[in-house]
Amino acid sequence: MKKILIVFVLIFTSCEKDYLDVVPDNIATIDLAFNTRSTAENFLSTCYSYIPEHAHVEQNFSMLAGDEVWYYAENDFYMNNETSFRVAKGMQNSSSPYLNYWEGGRGAPNSLFIALRDCNIFLENLVTVPGLEEEERLRWLDEVKVLKAFYHFWLMQMYGPIPIVATNIPVSAPSSETNVYRASIDEVVTYLTQLLDEVIEADNIPGLINYVYTEQGRITMPIAKALKAKILMLSASPIFNGNTDFSSLIDNQGNSLVNQSYDPQKWVLAKDALLEAIESAEANGHSLYQFNQQLPIIGGVNEQITQELSLRAAITDPFNSEIIWAFSADWTGELQQWCQPRWTADHSALFGYTKKSHAPTLNMVETFYSRNGVPIDEDVSWEYGNRFDVVQTPILDANNENYHEFYIENDYATAKLHTFREPRFYSTLGFDGGKWFSLETENINNIPHLNAKAGAPSGKQGFEIYSITGYFAKKLVHYENIIALESSTIKGYSFPIIRLSDLYLMYAEASNETKAAPDADVYEYIQKVRDRAGLDEGSDLVSTWQMHSSNPSKPITKDGMRAIIHQERMIELALEGHRYWDLRRWKLADEYFSKPIRGWNIFKPDVEGFYEVENIFYRNYLTKDYLWPISQTELLRNPNLIQNPGW
Amino acid sequence: MITKNTIFLFKNSLLGFLLFMFSSLSAQQNQLISGNITDVNNIPIAGVNILEKSNSRNGVVSDFDGNFAINIKPNSILTFSYVGYETQVIKITTETILKIILQEDLSSLDEITIVAYGKQKKSSVIAAVTSIDPTELKTSSSNLTTALAGRVAGVIAYQRSGEPGRDNAEFFIRGVSTFGYARSPLILIDGIETTSTDLARLQPDDIASFSIMKDATATSLYGARGANGVILVTTKVGKEGVVKVNVRYEKSYSAPTRSLEIADPITYMTLHNEALVTRNALGGRIYSLEKILISKDPNRNKMAYPTVDWFDELLEDYTLNSRFNFNISGGGKIARYYLATTVNTDNGNLKVDPRNNFNNNINFKRISLRSNINVNLTPTTEVALKFNGNFDDYIGPIDGGEAIYKKAMQANPVLYPKFYEPDAQFQNSSHVLYGNAGQFGGYLNPYADLMRGYKDESYNNFLATVEVKQDLGFITEGLKARFLANTSRYSFYNLERRYNPFYYSLGNYDFQSDQYTLVALNPNQGTEYLEYNEGNKIITNSTYFEGSINYQKTLNEKHELSGMLIGISRELKYANAGNLQSSLPYRNIGLSGRFTYAYDDRYFSEFNFGYNGSERFAKSERFGFFPSFGFGWYASNEKFMEPISNTITKLKFKGTYGVVGNDQIGSASDRFFYISQVNLNNGGKGSNFGQEFGTNINGVSIDRYANDQITWEKAKMLNVGVELGLFGVVDIQADYFTEYRSNILMDRAQIPASMGLQAPLRANVGEASSSGFEFTIDYKDSLSDDLFVSARANFSFATSKYEVYEELDYRNAGLPWRSRIGLNLSQPFGYIAERLFIDEADIANSPLQTFGDYMAGDIKYKDINNDGVIDINDEVAIGYPTTPEVIYGFGISSSYKNFDLSFFFQGSLNSSFFIDAYNTSPFIDTSGGAIGNNALLSAWANDHWSENDRNLYAAWPRLSDQLIDNNNRNSTWWLRDGSFLRLKSIEFGYSVPDRLASRVNLSSARIYITGSNLFTFSKFKLWDVEMGGNGLGYPIQQGANVGVNLNF
């Protein structure tokens, strides 16, 4: 026995080195991701997963960071939006930037550089995968190239000049390699157009999605071309085309990151790319959406409501013909809950579905045209000066007809501002007295209306969840939604990232910039958008201005036409977040975003009290706000980066 | 005699019988020696080892009556040895019947110190080891860890919560000396690694010794696991002799040391209205003046106008607990045993609704069984079998006790009562009509949350150890071997049984008739029956082996040599690991050694080493060598000290230096730094595709990048100490230490985000230093025959410093105050709050603060870098570290005749904490799950900025019904001093006189009362200061115990 003991001790004292080798050989490493089709597809899915959720008011901050909508609070039991809303309030900073897509955090789900690194891992490693056919492999690679271009584009929109992540820097690289430089706008644009041209020329990605139930949302050729056009559009626009506000943006190698002389040729490149994108989209079946269904409603759907639904469903009908790119990760259910107002007891009971706080501002409300298709302050027949007066419906027009029959509740006191507006006004906004068509409507002659005064169903009731302006984002709510105690339906849709009218209006804009004065080429596509919106009936925008505007020659001059195109974009794409990027692109953000945010006095229950215009927030938008700050932390890590001006 | 011996052996074990066969076979040609062994008082001593010196295989043990008989060769030498007595050596000549009287060995009785893997004579110990008398660890909280603070020099400890079963104190040996993952000491109970929870549950009655290993010489044998210090506990073993029975029963009363003071509901409503109006002139009131007015009327209808003190509704003022410990020990020549049982019941102070037929209060029952059996297989072979089972059953509220305290703070006090008395419509309702508001009952009703069910938790831990000790004196004298094997089985589960409360709100109330109607808020969601929710299940197994060889020799009476080599291996496995990498076994293997040389009891030297490997590192980094050495000089044993040997009874100097490691550099799930960790099927990284959002494809994520150079932390430790004994009654020990910790694993700070890495890159780049000193003074004296007094004080100071820390280059960026280098490891950072803003003009003229909206009456911060903006660059180090730098304690024990009295004070200095501004913000909703409105602390109600009283230094800034992020910053505004001094315990006892006790067959009996945490001196009054920032949690308890202790 004693001998056994001694042997035991010796065994333990002679260190068995294998004892510590507990890790088996086939443990998962990144290389294994490309050994089977299934894991490679997972990696492809990961490359897609970094697309910011466009229906999310933080991730897609462009919805809230401008002046289109406003919220009653930053943060309470129901929500926490201390990021995009704080940017809107001018509280952006460089020590811990909000929506930090560079590093990830503060509302940004990821650093987009992680996305770019993953894209590069995919592009470098997807060589041969058993079970993956060559055709599909090439398609996947090109999809990821487009995503790579998109993530660069997102960063460029925010930060301007950015480092180009063409290939991955090894993890163990010394700081001389990891401390990258920001490339100039021109270099970034050149790189991205080359990358997208490769994809466009190779023609490995489909023109449209065949397997809609499994692949809708994947990259198509019209998306690649539209993205290229948007990149070129951005580089041609005033923000980056000879913007001397950024003259100080010169790095420690002496490179100027934003070109300082205006180059009109950039508009030509953008225009050509847009035409290519539009042609590709149309060739693949994209067209402006027209509603043409019958709904189970007493009295049927009349012409006016059909018109309204054409405009609404262009957004909310999932992957409709007008949508060039939408991503299935955007379910929009949450966003719709924030937009949905209340008009029944069930709505109030189901307050989780009807949070009604995503409130369009009076600034937006005034942007829409009059019924005649011209700005309300230009329409010679529209009483702009008295727009805040309270009027009692019905109000008849010159032909003694009730234009508002399906738009505004009868025998209701509402603001003059809400009367005689273009169809997009009524399809985009919910307001006090405004009707809200949905599948809850049983009879076309009895469409429910909203009451937004304090204490009323859609007004401010408690201390949480209410519209701070008195308006509601009808455009973003699906007309098929039914909120009822027995059973509620929130019909999800994919928030549009790019849709055809966006391309049409960009084309008009680019075309106008390439010409001394607008011509038929400029008018062609904007007219299509106006036609679908029910404007210029049987006529065109030039004659509309001549008939109704106090500035009848506006469409004939380049500057006048530019203003028209700007306003058309802000109306057509209202509440989709485009206004935020467009005003920056046009270098008009400091003018627009420095105006007070306005709404009605929603604390008041009575008509007189309610229809007082309140200034909700004052903000001063500064030159530095045109570009996002890079965090000071990142600048300390990488001394080769320079901060954007003013931060 | 032989016959008697045989029977005895046979009774005890079969092995003994075999042994007898063996010894009786060889007995024939020898001489039979018999005799009797007693102590000086003529009391027989059982269990004395009698060995034939020339043949160490031949030995016997004395029996109950001190008798023995042994066959030996003629003219042999016999040795008689017994623990606690001086060994006698007798040469046998003609006498065959001996009368042996053993002298008590006064030097050895309490002079043995437990050290790593062994024992040493106290006089020869040069390592920094503190041993504490286990009886000192008795507390009224039945949590051993709460007793450490102030009792043991060198331990920095504090307690943040008083919830039964969740009230472990945090403790660190010589402070926190690393900013790596594991900062807590290695805890070994009977040589087996355990958790601080297991230590917490240990019964002081069962502890034989409790030692804290502090310096490199004490811990380097533990190699890569010892750098944070080691706690060694051994449990009692049986001693040969009559059966001893010890019974202890205690009943204790427990109540919070301090309760939060909440403003009354009327003030609450008035100030909530103020909060709304003061932030938004248009905001209006939330509570009508009518409601406030009526609520003041004591005769109002309390269902219609509720004012609820949730703390009162949820919590009892006190609770009663009980503790029972029973142990029995004894044994004979061959086998000795120590058997112990403990049954402790701790209750929470939560209320129970009589309409529920289950108990939702915290009931924490802990049963512990311990069996330590030692068997002498042969005179030179001893086998010890130890079994220890711990069985905890916890029943408590679904959210846990801490959450109930927090919810009481988070619920609105005036919107609804805890439940409604039924109205006409619901008269026959068979369920409780819990109060709520809003549709579906979205508000927080903590009463319903408390009553809606209970959580069942069970924790079982079973340890089995076998240890074999073999004296190898037959090879060469002084050589011994030891082998130990242990397995520990741990299991845990929890589950919930709950119903969904039915919520009601007030429909109409008719003031005239005093009738109200109720509205059912969630008739479809509520349930009257219990539902079942499965919880966690954790199972872990560990096995441990240890084998050692010891050699000890004294040459020429003056040179004492010893050597020890020890090999260990340990394996730990998780059943529900969660992922592949965590499921792989956790292993350690090591070889350690100790070599000592002492000359003439005056000069001592020691060399120790550990050579360890751990599975978590790359092959090239797996093994590490950790040496240490030390020297000691027992000056009082020198000739020249003899003249003053009555004054200076002991004087010893010692110094040690060495290297120890810490391989716990990442959490249990964060291992194998040398390989990357990826998830090739991660649901969180995938995307949705398809028209109907129907196709979800998972993604790929990288959780860790490989770095094959990652290895353990290394600590270089220096200790110098002095031990001084004065007049034979005072004993002083003082130590000074420094430590330098390097190889601390850190995230690389300089990797730009533009690299696009998904996980931080890590490397062993951090370094920290710490230093401090500690001393203990002991005084023990009998002032007269009846009066005995002992006093003890100890003081520990430990501070630490970041030496190398991966951070941004703040110095070059002109922000040196943001750097942590040179600061304490737990140094808090925050803003310097100057005062509250006076008005809008003051705001306009001050730097822009970037933390959300702010107004007059909100906190104004100092612009440290003068850039006109208050942002993270204006954060500076403020206050003391959050871990206290000083822990001290002092106390006196005295006995007079049969009475004894003792008390003990404990204190803490040099620490800071922040008041939790978020969770104490009145009116805001912090509850997370349901809608709440925070209660209003009286302190804030009485002293806040208001438009009428613009006190720029009010305790609370301008009221708000929403969180004002600007005020919710770590700043000097909320910083408080964590120092305190408290009467930790006081005990008064009475021992029944022996003659009375013996009449009822008791050898001793004592009854006593104990008080703990009875009062505290601190400047901070909102809650118990020791809880620090966790003041809204389950309060630290004070208690009073009544106990009785019987010995048979």
Side-chain angles (χ1 to χ4, degrees), chain A residues 2 5-6 8-9 12-13 15 19-20 22-23 27-30 32-33 39 41-43 45-46 48-49 73-77 91 93 95-96 102-103 111 113-114 116-117 163 169 171 175 178 180 212-218 318-319 328-329 331 349 351 463 492 603 633-634 636-638, chain B residues 282 284 286 439 468 470 481 483 545 547-549 565 567-569 580 584-585 587 589 591 613 615 622 672 675-676 678 680-681 685-695 697-700 702 705 750-756 758 761 808-809 813 850 852 871-873 925 931 961-963:
Chain A
K2 287 157 196 162
L5 270 182
I6 293 165
F8 247 113
V9 172
F12 284 105
T13 50
C15 282
Y19 183 70
L20 300 180
V22 296
V23 179
I27 203 152
T29 62
I30 205 71
L32 291 186
T39 48
E41 192 176 27
N42 283 359
F43 212 114
S45 177
T46 299
Y48 272 98
S49 71
E74 279 180 8
N75 155 354
D76 64 16
F77 172 74
M91 290 153 76
N93 65 89
S95 65
S96 183
W102 191 294
E103 295 172 293
S111 160
F113 288 104
I114 292 179
L116 291 170
R117 191 172 189 94
I169 299 165
V171 170
S175 60
T178 60
V180 294
V212 292
Y213 288 102
T214 54
E215 294 191 350
Q216 196 63 271
R218 297 265 294 269
F319 297 103
S328 306
W331 179 62
F351 57 88
F463 283 81
F603 297 100
T633 314
E634 181 74 350
L636 287 174
R637 288 192 202 110
N638 178 359
Chain B
L282 298 168
I286 181 166
Q439 308 292 335
V468 181
Q470 178 62 47
F483 171 74
F545 296 101
S548 70
I549 306 178
L565 278 178
I568 60 125
S569 77
L580 175 84
L584 298 170
R587 286 179 176 167
I589 189 166
L591 173 70
E615 90 295 339
R622 217 162 257 176
F672 308 132
I675 50 173
S676 64
V678 299
L680 297 181
N681 202 20
K685 286 282 265 192
S687 278
N688 256 324
F689 300 96
Q691 183 98 37
E692 304 285 326
F693 318 102
T695 303
I697 303 178
N698 285 349
V700 172
I702 301 173
Y705 295 97
Q750 294 285 350
I751 307 291
S754 57
M755 277 289 281
Q758 291 179 38
L761 293 185
L808 300 170
D809 191 355
T850 59
D871 58 19
I872 192 159
N873 289 335
D925 174 31
I931 308 169
D961 70 321
Q962 292 190 6
L963 179 70

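In what follows, every chain begins at residue 1, and chains take the letters A, B, ... in the order their sequences are listed.
Minimum interatomic distance between B/Gly852 and A/Met91 (heavy atoms only, all atoms of both residues): CA-CE, 2.7 Å. Here the closest heavy-atom approach between residue A/Glu41 and residue B/Ile697 is recorded as OE2-CD1, 3.6 Å. Shown here for A/Phe113 and B/Ala753, the closest heavy-atom pair between the two residues is CB-O, 3.5 Å. Across A/Ser45 and B/Ser687, no two heavy atoms sit closer than the pair OG-N, 2.8 Å. When every heavy atom of A/Arg637 is checked against every heavy atom of B/Leu808, the shortest pair comes out as CG-CD2, 3.3 Å. In this structure, A/Thr46 and B/Val700 approach most closely via the heavy-atom pair OG1-N, 2.6 Å.
Heavy atoms of B/Ile286 lying under 4.5 Å from chain A belong to its backbone as well as its side chain. Of the atoms belonging to A/Ile30, heavy atoms from both backbone and side chain fall under 4.5 Å from chain B. Using a 4.5 Å cut-off between heavy atoms, B/Ile931 touches chain A through backbone and side chain atoms alike. At a 4.5 Å heavy-atom cutoff, the contact between A/Thr178 and chain B is made by backbone and side-chain atoms alike. There is no contact between A/Ser96 and chain B, counting heavy-atom distances below 4.5 Å. Only the side chain of B/Gln962 comes within contact range of chain A, judged by heavy atoms closer than 4.5 Å. For a residue to count as touching a neighbouring chain, one of its non-hydrogen atoms must lie under 4.5 Å from one of that chain's; by this rule B/Ile751 touches chain A with the backbone only. Heavy atoms of B/Leu761 lying under 4.5 Å from chain A belong exclusively to its side chain. Of the atoms belonging to B/Asp925, it is side-chain heavy atoms, and not backbone ones, that fall under 4.5 Å from chain A. With a 4.5 angstrom heavy-atom cutoff, A/Glu215 touches chain B only via backbone atoms. Interface remark: B/Ile702 contributes side-chain atoms only to the contact with chain A (heavy atom separation under 4.5 Å).
A/Ser49 places a side-chain N or O within 3.5 Å of a backbone atom of B/Lys685 that can act as its donor or acceptor partner. Not one N or O on the side chain of A/Glu634 forms a donor-acceptor pair closer than 3.5 Å with the backbone of B/Pro752. In this structure, A/Ser111 contributes its side chain and B/Ser754 its backbone to no donor-acceptor pair below 3.5 Å.
By number of non-hydrogen pairs under 4.5 angstrom with chain B, the leading residue of A/Asn93, A/Asn638, A/Val180, A/Ile169 is A/Ile169. Interface check for chain A: of the options B/Asp961, B/Asp809, B/Asn873, the most heavy-atom pairs under 4.5 Å are formed by B/Asn873. Heavy-atom pairs under 4.5 Å with chain A peak, among B/Ile872, B/Ile675, B/Leu580, B/Asn698, at B/Asn698.
Between atom CE of residue B/Met755 and atom CD1 of residue A/Ile114 there is a gap of 11.5 Å, rounded to the nearest 0.5 Å. Put simply, CD on B/Glu692 and CH2 on A/Trp331 are 12.5 Å apart, with the number rounded to the nearest 0.5 Å.
Within the 6.0 Å centre-distance limit, the rings of B/Phe689 and A/Tyr48 are counted as a close aromatic pair.
Using bins of under 30°, 30° to 60° and over 60° for the plane-to-plane angle, the ring pair A/Phe319/B/Phe693 lands in the tilted bin.
Under the 4.5 Å side-chain criterion, counting only non-hydrogen atoms from C-beta, A/Val22 is in contact with B/Phe672.
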